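Note that this is a predicted model, so its numbers are computed, not measured.
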Amino acid sequence: MDITIHTSALPHDDPDASLAFYRDALGFEVRSDVGQGRMRWITVGPVGQPGTSILLAPPAVDPGITEDERRTIAEMMAKGTYGWILLATPNLDAVFEKVRAADAEVVQEPTEQPYGIRDCAFRDPAGNLIRIQEVR
């Protein structure tokens, strides 16, 4: 079977702030930006990896979602427990410094984990947890 990960989605509640984080702090390229105001769907991805993208999307716009579910999603986003993604880099310290310099919320500085991974963590402007592992 030949399957690849093409796009993963994360919610945003401020498209301009999310765009700035992924483009400027993480260095991703913008692949598409459609819609207007807060109703924008922005696709970003790592430079040189055109087959892998993250869709930054407004949360809870599916017409099948109830008002209670919308409130739950908003509450989870506010707490930073709704969305997350795991990225990887061969130079964790340099990436950490670049993202921190962009005033991203630091959740964890580079740390050697007991399970053999060295990683760090940030929150994007929507509260999504962004963990970055060091590739060895």
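Of all the heavy atoms in Pro63 and Arg70, the pair that sits closest is CA-NH2, 4.4 Å. Between Asp119 and Gln113, the shortest heavy-atom contact is OD1-NE2, 2.8 Å. Closest heavy-atom contact between Leu92 and Pro110: CD2-CB, 3.9 Å. The shortest non-hydrogen separation linking His12 to Ala126 is CA-CB, 3.8 Å. Looking at every heavy atom in both residues, Ala102 comes nearest to Ala25 through CB-CB, 3.6 Å. For the residue pair Val135 and Ala88, the shortest heavy atom distance occurs at CG2-CB, 3.5 Å.
Residues Val106 and Val95 fall within the same hydrophobic cluster, defined by Ile, Leu, Val, Met, Phe, Trp and Tyr side chains chained together at heavy-atom separations under 4.5 Å. Note on Val99 and Ile85: same hydrophobic cluster, where clusters join Ile, Leu, Val, Met, Phe, Trp and Tyr whose side-chain heavy atoms are under 4.5 Å apart, directly or indirectly. Ile130 and Val30 fall within the same hydrophobic cluster, where Ile, Leu, Val, Met, Phe, Trp and Tyr residues are linked whenever their side-chain heavy atoms come under 4.5 Å apart, directly or through other members. Cluster membership check: Val107 shares its hydrophobic cluster with Leu86, using side-chain heavy-atom separations under 4.5 Å among Ile, Leu, Val, Met, Phe, Trp and Tyr. Criterion: ILVMFWY side-chain heavy atoms under 4.5 Å apart, direct or through other members. Under it, Ile42 and Leu87 are part of a common hydrophobic cluster.
For the residue pair Ser53/Thr7, the side-chain donor-acceptor check at 3.5 Å is not satisfied.
Ring centers of Phe21 and Phe122: at least 6.0 Å apart, outside the cut-off.
In this structure, Gln108 CD and Thr111 OG1 are separated by 4.0 Å, a value rounded to the nearest 0.5 Å. Considering CD of Gln133 and CD1 of Ile117, their distance stands at 4.5 Å, rounded to 0.5 Å. Between the CG atom of Leu55 and the CH2 atom of Trp41 there is a distance of 9.0 Å, given to the nearest 0.5 Å. Taken from CD1 in Ile54 to CG in Asp124, the straight-line distance is 9.0 Å, to the nearest 0.5 Å. Rounded to the nearest 0.5 Å, atoms CG (Asp62) and CD1 (Ile73) are 9.0 Å apart. Annotation: the span from Leu56 atom CG to Arg40 atom CZ amounts to 10.0 Å, rounded to 0.5 Å.
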**Prompt:** Could you walk me through whether Leu129 and Arg131 pass the side-chain contact (heavy atoms from CB on, under 4.5 Å) check?
**Reply:** CA-CA 6 Å; Leu129 183 65; Arg131 294 199 73 82; 4.0 Å; yes
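Look at Arg71 and Glu69 and you find no salt bridge, because none of the NZ, NE, NH1 or NH2 atoms lies under 4.0 Å from a carboxylate O. Checked for salt-bridge contact, Arg118 and Asp93 meet the test: a charged N lies under 4.0 Å from a carboxylate O.
At least one side-chain heavy atom of Met39 sits less than 4.5 Å from a side-chain heavy atom of Pro58.
With Thr89 contributing its side chain and Asn91 its backbone, the two residues share a donor-acceptor pair below 3.5 Å.
Only one option out of Trp84, Tyr22, Tyr82 pairs with Leu10 in a side-chain contact (heavy atoms from CB on, under 4.5 Å); it is Tyr22.
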